[in-house]
Amino acid sequence: CSVRSFCFRGGAELLFDGVKKHQVTLPSQPEPWDIRNLLKWIKTNLLKERPELFMQGESVRPGILVLINDADWELMGELDYKLQDQDNVLFISTLHGG
């Protein structure tokens, strides 16, 4: 198990009871955690309302930027990125109502 930091900004935090930063300990599993499994875990354990605003299928919905240690997740392998100890994952919503 290792402690990870997940942050939600740009309105995404509203889906998580308004909490912007979560320090969590992920359960041990045989394979390293990847973003795909992390998103499933977040949906089950942290997401409080309207999952359709955060997830689409097994990924984040379009309009949610994902940064891993301040780098765009598209450069890191997206869903297949294997989490490392002390990684910081930031989810930023770019979707805003009018």
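The residues of the chain are indexed from 1 along the displayed sequence. In what follows, every heavy atom counts, from backbone to side chain, and hydrogens, waters and symmetry copies are set aside.
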Handout entry: Evaluation steps, side-chain contact (heavy atoms from CB on, under 4.5 Å), between Asp87 and Asp85
Key = CA-CA 6 Å; Asp87 274 351; Asp85 285 343; over 6 Å; no

Problem - Ile35 side, atom CD1; Met76 side, atom CE - distance, nearest 0.5 Å - result: 8.5 Å

Problem - Exceeds 12 heavy-atom contacts within 6.0 angstrom, atom CD of Glu31 - result: no

Handout entry: From CZ (Phe8) to CD1 (Ile64), nearest 0.5 Å
Key = 9.5 Å

Exercise for the section: Look at the aromatic rings of Phe91 and Phe54 and report parallel, tilted or perpendicular, splitting at 30° and 60°. Expected result: perpendicular

Problem - Heavy-atom check, side chain of Asn88 versus side chain of Leu67, under 4.5 Å - result: no

Practice task
Give me the one residue out of Leu15, Asp17, Leu14 that meets side-chain contact (heavy atoms from CB on, under 4.5 Å) with Lys48.
Solution key: Asp17

Problem - Sidechain-backbone polar pair: Glu49 side chain, Leu47 backbone, donor-acceptor under 3.5 Å - result: no

Exercise for the section: Could you give me the CA-CA distance, side-chain angles and deciding distance for Arg61 and Met55, then say whether side-chain contact (heavy atoms from CB on, under 4.5 Å) is met? Expected result: CA-CA 5 Å; Arg61 67 173 287 139; Met55 300 208 41; over 6 Å; no

Practice task
Could you check if a side-chain atom of Ser59 sits within less than 4.5 angstrom of a side-chain atom of Trp73, using non-hydrogen atoms only?
Solution key: yes

Problem - Exam field: side chain Trp41 to backbone Trp33, donor-acceptor pair closer than 3.5 Å - result: no

Practice task
Indicate yes or no: at least one non-hydrogen side-chain atom of Phe16 is less than 4.5 angstrom from one of Cys7.
Solution key: no

Fill in the blank from the handout: From the list Val89, Asp34, Asn37, side-chain contact (heavy atoms from CB on, under 4.5 Å) partner of Leu83 resolves to Val89

Practice task
Answer with yes or no whether the hydrophobic clustering places Leu39 together with Val24; edges join I, L, V, M, F, W, Y residues whose side-chain heavy atoms lie under 4.5 Å apart.
Solution key: yes

Handout entry: Beyond-backbone contact of Arg9 with Ser93, side-chain heavy atoms, under 4.5 angstrom
Key = no

Exercise for the section: Could you walk me through whether Thr94 and Leu65 pass side-chain contact (heavy atoms from CB on, under 4.5 Å), step by step? Expected result: CA-CA 7 Å; Thr94 62; Leu65 297 177; 3.7 Å; yes

Handout entry: Minimum side-chain heavy-atom gap Ser5-Lys21 below 4.5 Å
Key = yes

Exercise for the section: Check the pair Glu58 / Leu79 against side-chain contact (heavy atoms from CB on, under 4.5 Å), numbers first and verdict last. Expected result: CA-CA 9 Å; Glu58 65 179 13; Leu79 293 172; 3.9 Å; yes

Exercise for the section: Might you confirm whether atom NZ of Lys43 has over 12 heavy atoms from other residues, nucleotides or ligands at distances under 6.0 Å? Expected result: no

Exercise for the section: Give a yes or no on whether the backbone of Gly11 and the side-chain of Glu13 come within a donor-acceptor separation of less than 3.5 Å. Expected result: yes

Exercise for the section: Would you check if Val60 and Val66 make a side-chain contact, meaning some heavy-atom pair closer than 4.5 Å? Expected result: yes

Exercise for the section: Check whether Leu53 and Leu90 end up in the same hydrophobic cluster, where Ile, Leu, Val, Met, Phe, Trp and Tyr are linked by side-chain heavy atoms less than 4.5 Å apart. Expected result: no

